[in-house]
Amino acid sequence: MNPNWKPGDQIISPVDQMIEIELDKIPPAEKYKLLIGAIVPRPIAFVSTRGKNGISNLAPFSFYTGVSTAPPCVLFSIVNHPKKGLKDTMRNIQETGEFVVNSVNQWIAEAAHYSSEDLDYEINEFERVGLTEIESTVIQAPRVKEAAVQMECKTHQIVNIGGNGPGATNLVIGEILKMHIDERIYSDGKIDFNLYQPVGRIGGPGYVHDPQITNMPPAR
Ligand SMILES: Cc1cc2nc3c(=O)[nH]c(=O)nc-3n(C[C@H](O)[C@H](O)[C@H](O)COP(=O)(O)O)c2cc1C
């Protein structure tokens with residue numbers, strides 16, 4: 001960052017020689033490594049669902065973002081499991097059309113990470129990782145009590161990419177019906193970033209936390 005920079009100033013960049021990679025010439029695992037290394041840091045949707053069988057499920061998804069405000073929607077992407085096809089989260093969303101996106105705050109980062117464990121559909125992942133399952137107010141999917149933000153969502157649209165083959169993905173677009181926000185972090189319609197303490201995902205096994213914040217003047 002250069003706090004003294006002004007529009008029109010010369011920019012000194014270390015970028016020089018470029019490597020060109022045509023994505024259709026490299027294997028899927030290599031493409032994945034490039035995407036998760038290049039698109040960083042990523043927020044994490046900690047998604048809780050409940051299947052028709054009544055069993056609750058939890059999993060983190062970092063191909064995630066907010067996409068609209070009218071209606072207010074989030075989007076996250078569920079890549080098919082190489083062996084079982086649909087992941088449990090996707091199966092539950094297909095069955096019920098409902099899910100909760102919980103935040104990953106520093107105090108639950110490890111639990112969120114371990115909830116990505118590949119478990120049988122019949123296992124309740126709240127119990128497995130030791131988080132508290134609480135009921136939602138407008139949908140049937142449960143919330144994570146320890147998460148500072150919990151968004152009750154209903155499916156707006158599911159967009160399939162790549163059919164059913166290996167690497168095939170479903171983009172889940174969900175409309176947020178209700179937000180629950182820890183009152184400590186909420187003031188005057190805003191969320192205090194420093195108290196929120198979100199954790200992001202980078203490439204490989206890395207997570208980012210305690211980021212350095214720089215406020216810029218308006219671009220005008
Ligand atoms: C931080 C983190 C981010 C992840 N992001 C994604 C993602 O964006 N899409 C995806 O399909 N899997 C992602 N995974 C893997 C899933 O969490 C994992 O496959 C999980 O077992 C799915 O659970 P489920 O079968 O209960 O739905 C991620 C894992 C971690 C630890």
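Whatever order the structure lists ligands and atoms in, that order sets their numbers, starting from 1. We number each residue from 1, following the sequence as shown. Owing to the predicted nature of the structure, the values given are computational and were not obtained by experimental measurement.
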* Asked: Closer than 4.0 angstrom: is that true for some heavy atom of Lys84 and an atom of ligand 1?
  -> yes
* Would you say ligand 1 has an N or O under 3.5 Å from any N or O of Lys87? -> yes
* What part of Val79, side chain from CB on, backbone N/CA/C/O, both or neither, has a heavy atom under 4.0 Å from ligand 1? -> both
* To do: Record the part of Glu125 in heavy-atom contact with ligand 1 below 4.0 Å; permitted values are side chain, backbone, both and neither.
  => side chain
* More than 12 heavy atoms from other groups under 6.0 Å of CD on Glu95 -> yes
* For atom 2 (C) of ligand 1, what is the nearest protein heavy atom, given as residue, atom name and distance? -> Arg201 NH1, 3.0 Å
* Asked: Hey, would you say the Phe99 and Phe76 ring centroids sit under 6.0 Å apart?
  -> yes
* Asked: When you look for heavy atoms under 4.0 Å from ligand 1, do you find them on the side chain of Tyr64, its backbone, both, or neither?
  -> neither
* **Which residue and heavy atom of the protein sit nearest atom 13 (C) of ligand 1, plus the separation** => Pro60 O, 3.7 Å
* To do: Write down the atom of Glu152, the atom of Val138, and the distance for their closest heavy-atom approach.
  => OE1-N, 2.7 Å
* Asked: Does Glu117 come within less than 4.0 angstrom of ligand 1, counting non-hydrogen atoms of the residue?
  -> yes
* Is a side-chain donor or acceptor of Asn80 paired with a backbone partner of Gly167 at a separation under 3.5 angstrom? -> no
* Distance under 6.0 Å and angle within 45° of ring axis: Arg128 vs Tyr114 -> no
* Asked: Quick one: do the Glu133 and Asn124 side chains pair a donor with an acceptor below 3.5 Å?
  -> yes
* Heavy-atom proximity to atom 20 (C) of ligand 1, best of Ala112, Ser62, Ser116, Pro205 -> Ser116
